[in-house]
2 protein chains.
Amino acid sequence: MADRDGREGGETDVVGFRPLYRQVKDMLVRRIADGRWQTGQLIPSEFQIAHELAVSQGTVRKALDEMTGENLLVRRQGRGTFVASHDDDRVLFQFFKLSRDGGEREFPDSDVQSVARIPADAAVRAKLALPAGAFVVAIRRVRSLGGERVISEMIVVPAGRFAGLEREEPIPNNLYGLYAARYGATIARATETLKAVACPPDDAKLLGLDAGTPVLIIDRVAADLEGTPVEWRVSLCRTDSFHYLSDLR
Amino acid sequence: MADRDGREGGETDVVGFRPLYRQVKDMLVRRIADGRWQTGQLIPSEFQIAHELAVSQGTVRKALDEMTGENLLVRRQGRGTFVASHDDDRVLFQFFKLSRDGGEREFPDSDVQSVARIPADAAVRAKLALPAGAFVVAIRRVRSLGGERVISEMIVVPAGRFAGLEREEPIPNNLYGLYAARYGATIARATETLKAVACPPDDAKLLGLDAGTPVLIIDRVAADLEGTPVEWRVSLCRTDSFHYLSDLR
DNA sequence: CAGTGGTCTAGACCACCAC
DNA sequence: TGGTGGTCTAGACCACTGA
């Protein structure tokens with residue numbers, strides 16, 4: 001690598017030492033973030049990357065291993081290393097935690113109620129770190145498991161970053177795949193806040209419940225590779241015969 | 001190592017090849033599981049373990065790194081590698097997901113209502129994989145955050161594995177620390193199932209709520225290093241000004 | 001200062017896959 | 001058969017800690 005953190009002269013770093021493999025990792029993450037490496041694509045072999053960056057193969061390996069651990073890459077022995085894609089299975093496993101009691105995990109269907117480009121109010125701007133005057137695209141939809149309506153949700157994304165999303169037709173079931181493929185936005189992490197509340201009348205109607213029935217409310221902010229918030233989503237879920245699964249490790 | 005997976009003769013493994021570093025890891029995990037390495041204890045250095053097992057230092061490092069990633073070990077540069085302990089901070093971070101809206105994470109207080117040794121009913125036996133006729137110790141307690149009652153919970157553990165727990169006095173706030181210190185049971189993982197329900201009258205009284213208020217119900221089964229279920233816990237949580245936090249990565 | 005974990009390298013060989 | 005990732009080794013040097 002060009003300079004190896006500027007340590008060639010042998011001076012002691014007082015602060016801010018960054019291991020070589022992390023610098024390599026940052027460089028490779030950037031290649032995904034800015035779209036030079038597309039979702040699902042085969043990336044160069046360890047040896048090629050090592051040669052290109054003038055670094056040993058072991059250092060590249062450590063960077064790739066960390067990225068694999070963060071679900072950014074998928075490695076397949078004998079074939080190569082691929083940029084992870086937001087296919088249904090991954091999204092299901094990583095981001096969809098609701099399933100039928102006693103049932104297998106299952107990808108939900110979606111029934112879009114409305115899509116609109118609207119000004120962001122203060123609450124939305126706070127969640128997505130947007131400036132005053134920003135616009136957002138808001139989607140309302142109902143999701144079903146096994147034909148039964150289970151989730152009523154509202155999704156909000158910045159209109160600037162997702163220009164034209166409100167004219168997308170149809171709105172796909174798996175939104176994170178769309179974000180990556182059409183807008184170069186890779187969802188890497190999300191933070192969910194859960195509460196139990198009485199179901200409001202409008203959502204109750206959509207879900208076929210009595211108003212006031214206890215439902216789970218999931219407030220999610222999803223972020224991209226740089227940690228920038230990209231989507232705010234509030235989901236009301238019936239949990240009479242469904243549940244939210246959380247694995248603590 | 002004694003045999004290195006029996007591959008010395010150079011024969012091809014048709015099935016069941018297990019990398020050396022995993023065999024090392026299994027061996028070291030067993031030392032924690034059976035109490036030869038106690039919680040919080042300093043373990044031998046990489047070099048010493050490598051020499052003892054006749055394996056290279058890099059192989060030991062890979063085993064230790066995996067164990068560190070699973071929160072079984074804590075490594076401190078310049079000092080050594082330690083068996084992770086269930087101190088308040090770790091339990092708070094890894095296993096306690098409820099906090100006040102807008103507040104910092106905080107360790108809850110406990111107010112024990114009852115402790116009893118009782119026969120396990122069918123539901124309990126199913127959760128903890130116990131045979132017919134088994135006994136359990138059941139604990140009921142109320143937990144508070146900042147002086148406010150927030151959680152009403154029931155905890156059930158096998159009486160065989162935790163002999164005399166019902167006579168423990170006092171029942172400590174941090175149970176997982178007690179499990180490790182007195183009964184050699186390290187809680188390594190837990191699976192939580194969440195639902196929103198109407199609060200039953202008894203719990204409502206304990207939490208100072210109106211019966212029927214929506215509350216979050218958390219059904220947790222906690223397992224030890226071998227994956228054996230060790231504890232079943234059902235927690236009713238008020239979420240009017242509190243929330244459950246789930247990080248998706 | 002000695003001892004620990006952390007990083008980096010170089011090279012060997014194995015397991016797997018596609019051609 | 002060649003190329004990929006996966007494992008294992010050996011050794012050098014760096015960064016941190018505590019006596």
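These numbers come from a predicted model, not from an experiment. So you know, we letter chains A, B, ... as the sequences are listed, proteins then strands, and number each from 1.
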Under the rule of Watson-Crick or G-U wobble with both distances under 3.5 Å, where | means paired to another strand and [ ] a crossing pair, DNA chain C maps to ||||||||||||||||||.
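Residue B/T59 places at least one side-chain N or O closer than 4.0 Å to OP1 or OP2 of D/dT9. At the phosphate of D/dC8, neither OP1 nor OP2 sits under 4.0 Å from any side-chain N or O atom of B/K62.
At a cut-off of 3.5 Å, with distance as the only test, no side-chain donor of B/S99 or B/R105 sits close to an acceptor on the other residue. For B/D224 and B/T186, the side-chain atoms include no donor-acceptor pair closer than 3.5 Å.
Ring geometry, A/Y179 versus A/Y176: the interplanar angle falls from 30° to 60°, so the pair is classed tilted.
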With salt bridge (Lys or Arg N to Asp or Glu O under 4.0 Å) as the criterion, how do A/R100 and A/E106 come out once you've worked through the C-alpha distance, each side chain's angles and the decisive distance to 0.1 Å? CA-CA 8 Å; A/R100 184 180 292 274; A/E106 186 190 345; 5.3 Å; no
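Taking atom NZ on B/K25 and atom C1' on D/dC8, their separation rounds to 17 Å, with Å as the unit. One atom, CE of A/M67, and another, P of D/dG5, lie 13 Å apart when rounded to the nearest Å. In this structure, A/Q57 places its CD atom 10 Å from C1' of C/dA10, rounding to the nearest Å. In this structure, the CZ atom of A/R75 is 15 Å from the C1' atom of C/dC17, given to the nearest Å. Taking atom CZ of residue A/R22 and atom P of nucleotide C/dC8, one finds them 10 Å apart after rounding to whole Å. Computed from coordinates, the B/L20 CG to D/dA10 P distance equals 11 Å when rounded to whole Å. Atom pair B/L42:CG and D/dT17:C1' shows a separation of 12 Å (rounding to whole Å applied). Straight-line distance from the CG atom of B/L64 to the P atom of C/dG5: 8 Å, rounded to whole Å.
Heavy atoms from other residues, nucleotides or ligands lying under 6.0 Å from CZ of A/F93 number 12 at most.
Salt bridge A/R220/A/E153: absent, no basic N to carboxylate O contact under 4.0 Å. Of the charged side-chain nitrogens involved, at least one lies within less than 4.0 Å of a carboxylate oxygen, so that B/E52 and B/R31 count as a salt-bridged pair. The pair A/K195-B/D101 meets the salt-bridge criterion, since a charged nitrogen lies less than 4.0 angstrom from a carboxylate oxygen.
Between the CG atom of A/L53 and the OG1 atom of A/T59 there is a distance of 10.0 Å, given to the nearest 0.5 Å.
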Atom pairs, protein N/O to nucleotides 2-4 of chain D N/O, distance under 3.5 Å:
| residue | atom | partner | partner atom | Å |
| --- | --- | --- | --- | --- |
| D/dG3 | N2 | A/G78 | O | 3.1 |
| D/dT4 | O2 | A/G78 | N | 3.2 |

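Contact annotation: side chain of B/R61 to base of C/dG6, donor-acceptor pair present below 3.5 Å.
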